[in-house]
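Have a look at the structure below, then the notes.
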Amino acid sequence: RHEEDGSFFIQTLVDVFTNNKGHILDLLTEVTQRMAAADLIEGGKPRKVNPEVQSTLRKLLYLR
Amino acid sequence: MSSEESEQSTDLDAYDMSHALLALTLCNTKDRAGSETDIKALEQMYKALGFQSTVKRNLTAKGFQEELEKFRDDMEKMEDPVSCCFVVLMAHGEEGILLGVDGKTIMLEELFSMLTNKNSLALRGKPKVFIVQACRGEQKDPGEVVRPAESGGNVFLSSEQPPKLPTYTDILHVFATVEGYIAY
């Protein structure tokens, strides 16, 4: 977690959910794509991180 | 309501989002630099999405349970129906558990179960979104190098760092039943 910028996951999710419209699973795919594409450095070593989505939604959940 | 919203809210394949949209953020900020930045960002997101947001900070393990219970009980008393709720949990954690500021642990499943169709009448059949910002272990993923063919045919010069993927992407988890239940 960055001291000033916050956590990578929350910041990415907020950006995607705020600036895009659509079904939440599509938006979460965008979150995963962005996080997977990013190269993080921790203690001089490259790191990768991605969220995991488990869904039991029965219908489309639109955020707008 | 715009014609687009009207069209979507009457769509049988979509959840009705025309009633109250509620959000609860339970966050331990102690020893978690950057937490306030996350809370601020979430508040702006909720405002943009039309959610009523409540934030509670620095909770004991029992405090997580009590605040979620209060959130659920308040929903039951609301005159207007609830369409959807978001619950954001932010704390130090390990697989399946969160750590309270008292050093005690609370199982995530205990929190999730409080809003099931069985335990929350107000949210029965309504979408409940849990967002968990917490560690699930101590492993660190260095990633795996993407082969040129998988990167769209790009050829990497020897001086360039080849692109990497996280180890666990492109997997679809499809279980016959939820954890703890029999599968038929």
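The sequence lines fix the lettering, A, B, ..., with proteins before strands; numbering per chain opens at 1.
Of the listed residues (B:Ile131, B:Val88, B:Ile39), the greatest number of heavy-atom pairs within a distance under 4.5 Å of chain A belongs to B:Ile131. With respect to chain B, the highest number of heavy-atom pairs below 4.5 Å among A:Met35, A:Arg47, A:Lys45, A:Glu42 belongs to A:Arg47.
Note that the CG atom of A:Asn50 and the CG atom of B:Asp141 stand 7.5 Å from one another [nearest 0.5 Å]. To the nearest 0.5 Å, the span separating CZ on A:Phe17 from CZ on B:Phe86 amounts to 5.0 Å. In this structure, B:Cys84 SG and A:Ile24 CD1 are separated by 7.0 Å, a value rounded to the nearest 0.5 Å. From B:Tyr15, atom OH reaches atom NE2 of A:His23 across 8.5 Å, with rounding to the nearest 0.5 Å. We find the CD-CG distance between A:Gln11 and B:Leu42 to be 8.0 Å, quoted to the nearest 0.5 Å. Note: B:Gln133 CD to A:Phe8 CZ = 11.0 Å, rounded to the nearest 0.5 Å.
The shortest non-hydrogen separation linking B:Lys164 to A:Pro46 is NZ-CG, 4.2 Å. Residues B:Pro166 and A:Val49 come closest through the heavy atom pair CG-O, 4.1 Å.
Hydrophobic clustering, with ILVMFWY side chains joined whenever heavy atoms are under 4.5 angstrom apart, groups A:Leu28 together with A:Val16. At a threshold of 4.5 Å between side-chain heavy atoms, the hydrophobic network of Ile, Leu, Val, Met, Phe, Trp and Tyr places B:Leu99 and B:Leu59 in two separate groups. Linking ILVMFWY side-chain heavy atoms closer than 4.5 Å, directly or via other members, places B:Phe130 and A:Leu25 in two distinct hydrophobic clusters. Under the 4.5 Å side-chain contact rule for hydrophobic residues, B:Val87 and A:Leu61 do not share a cluster. Connection of B:Val55 to B:Phe51 is established within a shared hydrophobic cluster, with ILVMFWY side chains joined at heavy-atom distances below 4.5 Å, either directly or through further cluster members.
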Take A:Leu57 and B:Val129 through the side chain to side chain contact (heavy atoms under 4.5 Å, CB included) test and state the conclusion after the steps. CA-CA 10 Å; A:Leu57 292 178; B:Val129 179; 5.7 Å; no
Please determine whether side chain to side chain contact (heavy atoms under 4.5 Å, CB included) holds for the pair A:Thr18 and B:Leu49, giving the CA-CA distance in whole Å, both sets of side-chain angles, and the decisive distance to 0.1 Å. CA-CA 7 Å; A:Thr18 305; B:Leu49 296 177; 5.8 Å; no
Dump the intermediate steps for side chain to side chain contact (heavy atoms under 4.5 Å, CB included) on B:Met17 and A:Leu63, then the final yes or no. CA-CA 9 Å; B:Met17 296 288 276; A:Leu63 298 180; 4.2 Å; yes
Take A:Leu13 and B:Met45, measure what side chain to side chain contact (heavy atoms under 4.5 Å, CB included) needs, and give me the verdict at the end. CA-CA 9 Å; A:Leu13 181 141; B:Met45 179 187 82; 4.0 Å; yes
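Side chain of B:Asp38 to backbone of A:Gly6: no donor-acceptor contact under 3.5 angstrom is found. With hydrogens and angles ignored, the 3.5 Å screen pairs a side-chain donor or acceptor of A:Arg58 with a backbone N or O of B:Gly125.
Ion pairing between a basic and an acidic side chain is recognised when a charged N comes within 4.0 Å of a carboxylate O; A:Glu52 and B:Arg136 show such pairing.
Within 6.0 Å of CD in B:Glu94 there are 12 or fewer heavy atoms belonging to other residues, nucleotides or ligands. Counting non-hydrogen atoms of other residues, nucleotides and ligands closer than 6.0 Å to OH of B:Tyr168 gives a total of 12 or fewer.
Counting only heavy atoms from C-beta outward, the side chains of A:Ile10 and B:Thr37 never approach each other to under 4.5 Å.
Heavy atoms of B:Val174 lying under 4.5 Å from chain A are absent altogether.
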